[in-house]
Amino acid sequence: MKKINIAIDGPAAAGKSTIAKKVAAALNMVYVDTGAMYRAITLAYLKSDDKDFSTLLEQIDIRLVADHGQRVLLSGEDITERIRENDITENVSFVASQAAVRSYLVELQQQLTRDKGVVMDGRDIGTTVIPDAELKIYMIASVEERAQRRQLDNESRGIDSTVEQLKADIAHRDHLDMTREISPLTQAADAIEIDTTGRSIEEVTAIILKLASDKLE
Ligand SMILES: Nc1ncnc2c1ncn2[C@@H]1O[C@H](COP(=O)(O)OP(=O)(O)OP(=O)(O)O)[C@@H](O)[C@H]1O
Ligand SMILES: Nc1ccn([C@@H]2O[C@H](COP(=O)(O)O)[C@@H](O)[C@H]2O)c(=O)n1
């Protein structure tokens, strides 16, 4: 059967990971959440006394384990839930703006996509990591709806937040991600934009599955 790569990019809490996971499961493809990799390095950075990124990257080992989605191991420790906490979210865009971090992770991510069959979500997947992906999606939603969705996520995880605070945090993180020097978040010229505002997860998944089936023919 023909194998393709699918790149899903977009701003924070637009629904990328939720949809990417479902699309990958439906098409029997591998799901990779690259944001989790930047979050893992952020945790290592916050824990380390040495703040030099090149040294830090020589000391860590990041593994992704498929498990009804993706679990993340940092030097053997399962940090899947830990990296969703506020201190990581507040610092991740700074860490992700570092040249050493980006080249380390882009190389790792490109290795994962070499044999195709991957649904990868992030900020620079269609522009930098897999510029030749067969299908590229740029997923957006209003900041109000994204903050409300994230508030529900946080409540279910026991993380303290308010919708107003989340709106400000999401807008700030998007700004940092869109204005950084290296591989800023931007829509690839050949990406298809999908606005998920007011749409259900099932609806958005079905749209992408239809687009993917056209590429798989
Ligand atoms: N139509 C929809 N599409 C996608 N997600 C939705 C939709 N409606 C509600 N959600 C919910 O929005 C929340 C945020 O989604 P998700 O974590 O997948 O976003 P994301 O873009 O991967 O965020 P981030 O980049 O910050 O990790 C999830 O709880 C998801 O269930
Ligand atoms: N390809 C990517 C993916 C993520 N980032 C940075 O990581 C942050 C966290 O991403 P989430 O998807 O888990 O929210 C994000 O805000 C970016 O700073 C990236 O640079 N490139």
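Computed from a predicted structure; not experimentally measured. We count ligands from 1, going down the list as the structure has it; atoms in each ligand are counted the same way.
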**Student:** Students should find this: residues with any non-hydrogen atom under 4.0 Å from ligand 2. What is the answer?
**Tutor:** T34, G35, Y38, R39, R84, V92, S93, A96, R102, G122, R123, D124, I125, R173, D177, R180
**Student:** Which one holds for D33 and ligand 1: side chain close, backbone close, both close, or neither close, with close meaning a heavy atom under 4.0 Å?
**Tutor:** neither
**Student:** For the side chain of R180 and the backbone of S183, is there at least one donor-acceptor N/O pair under 3.5 Å apart?
**Tutor:** yes
**Student:** Any idea which part of E145 is under 4.0 Å from ligand 1, heavy-atom wise: side chain, backbone, both or neither?
**Tutor:** neither
**Student:** For T89 and R150, test the side chains for any donor-to-acceptor distance below 3.5 angstrom and give the result as yes or no.
**Tutor:** no
**Student:** Would you indicate which of R199, R149, R146, E203 comes nearest to atom 9 (C) of ligand 1 when only heavy atoms are counted?
**Tutor:** R149
**Student:** Within the side chain of K167, is there an N or O that forms a donor-acceptor pair under 3.5 Å with the backbone of R146?
**Tutor:** no
**Student:** Using distance alone, with no hydrogens and no angle criterion, decide if Q111 and E107 have a side-chain donor and acceptor under 3.5 Å apart.
**Tutor:** yes
**Student:** If we count only N and O atoms by modelled type, under 3.5 Å, do the side chains of N5 and T113 hold a donor and an acceptor together?
**Tutor:** no
**Student:** Under 4.0 Å, heavy atoms only, figure out whether ligand 1 is touched by the backbone of E202, its side chain, both or neither.
**Tutor:** neither
**Student:** Please work out which of A13, A14, A36, S200 has its closest non-hydrogen atom nearest to atom 23 (O) of ligand 1.
**Tutor:** A13
**Student:** Would you say the side chains of E181 and S97 form a donor-acceptor pair under 3.5 Å?
**Tutor:** no
**Student:** Look at the side chain of T80 and the backbone N and O of V72, then say whether any donor-acceptor pair between them is shorter than 3.5 Å.
**Tutor:** yes
**Student:** List ligand 1 atoms under 4.0 Å from V204, heavy atoms only on the residue side.
**Tutor:** 1 (N)
**Student:** Counting from 1, what ligand 1 atoms have a heavy atom of A12 closer than 4.0 Å?
**Tutor:** 25 (O), 26 (O)
**Student:** Between E77 and R82, does any side-chain N to carboxylate O distance fall below 4.0 Å?
**Tutor:** no
**Student:** Heavy atoms only, cut-off 4.0 Å: how does D153 contact ligand 1, side chain, backbone, both, or neither?
**Tutor:** side chain
**Student:** Is there a heavy atom in R173 that sits closer than 4.0 Å to ligand 1?
**Tutor:** yes
**Student:** Counting only heavy atoms not in N28, do more than 12 sit closer than 6.0 Å to its CG atom?
**Tutor:** no
**Student:** From D33 CG over to K21 NZ, what is the distance, rounded to the nearest 0.5 angstrom?
**Tutor:** 7.5 Å
**Student:** For atom 30 (C) of ligand 1, grab the closest protein heavy atom and report residue, atom and distance to one decimal in Å.
**Tutor:** T18 OG1, 3.4 Å
